[in-house]
Amino acid sequence: MVELQIDGKTVQVAEGSVVIQAAEQAGTFIPHFCYHRKLSIAANCRMCLVDIEKAPKPMPACATPVTQGMVVHTKSDRAIKAQKSVMEFLLINHPLDCPICDQGGECQLQDLAVGYGGSASRYEEEKRVVFHKDVGPLVSMEEMSRCIHCTRCVRFGQEIAGSMELGMSHRGEHSEIEAFVGETVDSELSGNMIDICPVGALTSKPFRYQARTWELSRRKSISPHDATGANLIVQVKNNRVMRVVPLENEDVNECWIADRDRFSYEALNSDDRLTQPMLKQNGEWITVDWSTALEYVANGVQQIRTSHGDAALACLASPHSTLEELYLATQLMRGLGSDNIDSRLRAADFQHDGKVRWLGTSIASLSSMEAVLVIGSNVRKDQPLLAQRIRQAARKGAKVFALNEHMFDWAMPVSQTVLAEPSVWVQALADIAAAVAQLKNTHPPVAGNANAPGVQAIATGLLNGERKAVLLGNAAAHHAKASSLLSLAQFIAQQTGASVGYLGEAANSVGAQLVSARPLNQGLNAAQMLQSHSLKAMFLLHTEPAHDCAVQPHRLDSVDMVVTMSPFKTNMDFSDVLLPVSPFTETAGTFVNTEGRAQSFHGVVKPLGETRPAWKVFRVLGSMLGLPGFDFETIEQVRAQALPADVASRLSNECHAAIDVSPATQAPVSASIYQLDPLVRRSHALQMTADAKEGAVHG
């Protein structure tokens with residue numbers, strides 16, 4: 001530790017720290033623009049100049065290492081004069097268009113100019129003009145004359161997103177931040193550039209000119225998309241979601257969010273919203289009140305039970321539903337005597353031993369891994385924030401390995417990739433297991449070729465170091481022989497001292513397992529439900545089978561009553577009832593992320609129109625059908641029943657399934673980045689991106 005004084009206060013910091021970090025620890029604010037604690041130090045704005053005793057001139061606090069006994073003055077006349085001089089230089093060419101600037105009210109330059117700017121400028125020359133750039137549908141570069149060349153956006157692309165999509169061209173007053181010629185900004189994390197821009201140069205295209213920052217209410221929430229469980233601040237005006245930005249949580253998403261977390265809110269205000277219950281009568285859709293719709297459903301369920309038995313009822317529930325919704329859906333189906341409920345919509349292997357599959361380690365630990373093997377995943381697009389963690393590990397020297405169908409661009413160094421058709425992934429993983437067994441002088445669980453191309457490098461890499469992980473992606477989880485893949489991954493992890501786990505597909509994949517949103521006994525799984533001739537009533541909770549299921553819903557036309565519970569007008573070709581239930585912004589609930597962290601949230605706006613929270617709809621249906629255990633009055637009461645007190649003890653990736661290395665007969669189905677759930681599918685800005693145009697699904 002190094003001891004120094006900052007404004008008369010003694011501070012101890014780790015050796016190698018810089019002055020601005022010591023000042024943060026001492027609670028002293030030093031003005032700055034280019035410095036960001038998650039990015040490398042550039043020291044190009046010079047706003048953080050401080051007075052250091054025995055130094056011949058003011059020094060930049062962000063680039064000056066601390067030394068034993070250093071004495072720093074951040075408020076001395078020399079420091080203040082230096083900071084005011086820098087501010088004067090920054091404002092020479094700045095357009096000073098605060099009244100019309102989208103960043104007004106949350107602009108670092110504006111805030112600091114109050115304390116360090118002059119009342120008038122000594123410069124009367126014309127200000128420079130920088131023409132706007134079109135870099136895609138998400139990030140606006142319309143006002144680049146405001147840019148102060150802090151290069152935060154450039155460093156973010158290089159260091160966090162992994163791809164240098166923006167750079168600085170020319171020199172001096174002709175310097176400009178721009179994309180490469182003719183290119184757009186296509187990173188799945190690009191929206192974070194908007195957050196870290198200290199001026200109004202980079203702004204949100206969908207939010208541009210929609211509201212002033214002081215008009216917005218700020219409310220906490222959790223992302224309903226992938227299994228990271230990113231923490232959000234949802235900003236609201238007049239009961240309408242206007243913008244979504246990250247809420248910092250070092251253990252989960254740090255200070256970043258993915259673009260689908262940021263821009264999917266457009267779907268909440270789309271014309272596709274369902275705002276009143278609807279019934280199909282003689283092939284025509286009519287609007288009804290809630291009482292009529294629920295009575296229709298309750299009477300239909302009773303008639304079908306009487307005529308066809310309890311086993312004629314079924315429910316497909318999206319793993320993007322809240323824990324409380326999934327719990328009450330399971331209680332409703334089992335209360336009616338049916339075991340036909342499933343949330344594993346894209347799965348092909350439905351073996352289950354009752355254990356709850358999860359990441360196998362903490363999300364934060366991915367940043368410090370020394371070796372990672374990813375099986376069956378385009379991790380950069382499937383899990384942008386988890387990929388960012390692995391990227392940070394790779395930047396520190398971690399070895400990243402992959403078993404995939406294609407060579408994906410993960411924007412990080414990948415030491416070795418084994419390419420194989422999904423049908424033979426089990427054999428390919430058996431080869432890696434055989435190479436590990438050979439190096440460990442033990443027997444592999446099944447026969448494999450230890451000398452197959454690439455497997456020796458992976459085995460050697462996994463045996464080196466202490467912090468290692470074997471991670472199965474969405475395609476591995478949805479594989480027809482997912483259990484065999486998990487058994488082999490478990491063997492490799494045990495032999496190499498690595499953790500083993502699933503990256504997780506949806507916001508509540510773990511939560512769905514915790515409440516047993518799957519058949520427990522002789523019920524039909526998701527694939528069987530969509531192929532069955534015996535089902536007469538089907539509930540679809542936040543589910544659009546044409547997009548969300550591995551099996552296409554051709555049989556649903558013959559089901560007597562299909563009840564769609566969704567915020568959107570969807571499934572209208574085969575549904576008989578549409579019930580408008582709340583998206584995540586209009587209801588309270590809980591998501592359990594891939595590391596088993598339960599995160600609860602509240603609704604941030606009032607339900608739109610006649611929309612109602614799905615947990616309340618299930619509660620009323622259960623009561624109308626005379627089922628016990630549906631007398632909840634609050635979401636907290638449902639959560640107390642749904643969320644096990646011993647979540648950690650329920651998490652296990654242990655697998656004893658027999659390993660079958662014969663070729664699989666069907667390819668795994670995984671949603672592409674902007675086809676994952678109903679919200680991202682209805683975000684206009686996201687659907688205009690390069691990633692969205694690549695296709696709806698990939699294997």
Side-chain angles (χ1 to χ4, degrees), residues 349 351-362 365-366 368-377 379 390 393-394 397-405 414-473 475-477 479-503 651-664:
D349 180 353
Q351 294 184 60
H352 208 287
D353 54 10
K355 296 182 173 67
V356 176
R357 307 307 188 195
W358 66 300
L359 185 63
T361 185
S362 67
S365 70
L366 295 179
S368 58
M369 288 292 171
E370 296 174 80
V372 178
L373 169 60
V374 178
I375 302 163
S377 175
V379 64
I390 298 171
K399 300 291 186 182
V400 179
F401 307 106
L403 166 57
N404 262 323
E405 179 183 9
V414 178
S415 299
Q416 184 69 54
T417 300
V418 171
L419 294 178
E421 290 295 321
S423 60
V424 295
W425 277 357
V426 178
Q427 183 60 64
L429 196 58
D431 294 343
I432 297 173
V436 170
Q438 184 183 79
L439 293 174
K440 291 282 290 185
N441 196 26
T442 188
H443 295 289
V446 290
N449 180 7
N451 296 311
V455 301
Q456 285 289 335
I458 295 176
T460 303
L462 287 174
L463 285 167
N464 292 327
E466 297 179 0
R467 298 180 301 278
K468 296 161 284 190
V470 179
L471 302 172
L472 295 107
H479 197 273
K481 299 189 176 181
S483 298
S484 295
L485 290 173
L486 178 57
S487 291
L488 281 167
Q490 179 181 251
F491 170 82
I492 294 169
Q494 287 173 344
Q495 295 299 317
T496 60
S499 63
V500 62
Y502 285 96
L503 290 166
L651 304 175
S652 173
N653 294 313
E654 184 179 350
C655 182
H656 301 289
I659 299 170
D660 180 4
V661 297
S662 62

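Atoms considered below: every heavy atom in the structure, side chains included; atoms not considered: hydrogens, waters and symmetry mates. Fair warning: this is a prediction, and the values are worked out from it, not measured in the lab.
- In this structure, CG in Leu486 is found 10.0 Å from NE2 in His656, a value given to the nearest 0.5 Å.
- The backbone N or O of Leu359 lies less than 3.5 Å from no partner atom in the side chain of Asn653, so there is not a single donor-acceptor pair.
- Rounded to the nearest 0.5 Å, atoms CZ (Arg357) and OG (Ser652) are 6.0 Å apart.
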- Apply side chain to side chain contact (heavy atoms under 4.5 Å, CB included) to Val374 and Val414, showing your working. CA-CA 10 Å; Val374 178; Val414 178; over 6 Å; no
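- Residue Phe491 holds its CZ atom at 9.5 Å from OG1 of Thr496, rounded to the nearest 0.5 Å.
- The shortest non-hydrogen separation linking Leu503 to Val379 is CD1-CG2, 3.9 Å.
- In this structure, Lys481 and Pro663 approach most closely via the heavy-atom pair NZ-O, 3.6 Å.
- Judged as a side chain to side chain contact (heavy atoms under 4.5 Å, CB included), and not counting sequence neighbours, the contacts of Ala657 are Gln351, Ser483, Ser487, Cys655.
- Here the closest heavy-atom approach between residue Ala437 and residue Pro444 is recorded as CB-N, 3.7 Å.
- Applying the salt bridge (charged side-chain N to carboxylate O under 4.0 Å, His left out) test to pairs two or more places apart or on separate chains, those with a residue in residues 459-473 are Glu370-Arg467.
- The OG1 atom of Thr460 lies 5.0 Å from the CG atom of Leu439; values are rounded to the nearest 0.5 Å.
- For the atom pair NZ of Lys440 and CD1 of Ile492, the computed distance is 13.0 Å after rounding to the nearest 0.5 Å.
- Ile375 places none of its side-chain heavy atoms less than 4.5 Å from the side chain of Leu471.
- Between Asp349 and Ala480, the shortest heavy-atom contact is CB-O, 3.4 Å.
- Annotation for His443: atom NE2 does not count as buried by contact number, only 12 or fewer foreign heavy atoms lying within 6.0 Å.
- The shortest heavy-atom contact between Ser415 and Phe401 is CB-CE2, 3.7 Å.
- Side-chain atoms of Asp660 and Val446, non-hydrogen and from C-beta on, never get closer than 4.5 Å to each other.
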Could you go through residues 448-457 and list every donor-acceptor pair under 3.5 Å that involves a side-chain atom there, pairing it with any protein atom two or more places apart or in another chain?
residue: Asn449; atom: OD1; partner: Asn451; partner atom: N; Å: 3.0
residue: Gln456; atom: NE2; partner: Gln438; partner atom: OE1; Å: 2.9
residue: Gln456; atom: NE2; partner: Ala450; partner atom: O; Å: 2.8

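- Looking only at side-chain heavy atoms (C-beta outward), Gln495 and Thr442 come within less than 4.5 Å of each other.
- Within the 4.5 Å cutoff, side-chain heavy atoms of Leu488 are placed close to those of Pro445.
- Here Gln427 contributes atom CD and Ile432 contributes atom CD1; the two are 11.0 Å apart, rounded to the nearest 0.5 Å.
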- Verdict with supporting geometry, Leu472 and Val500, side chain to side chain contact (heavy atoms under 4.5 Å, CB included): CA-CA 8 Å; Leu472 295 107; Val500 62; 4.2 Å; yes
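- Between Val426 and His479, the shortest heavy-atom contact is CG2-CE1, 4.5 Å.
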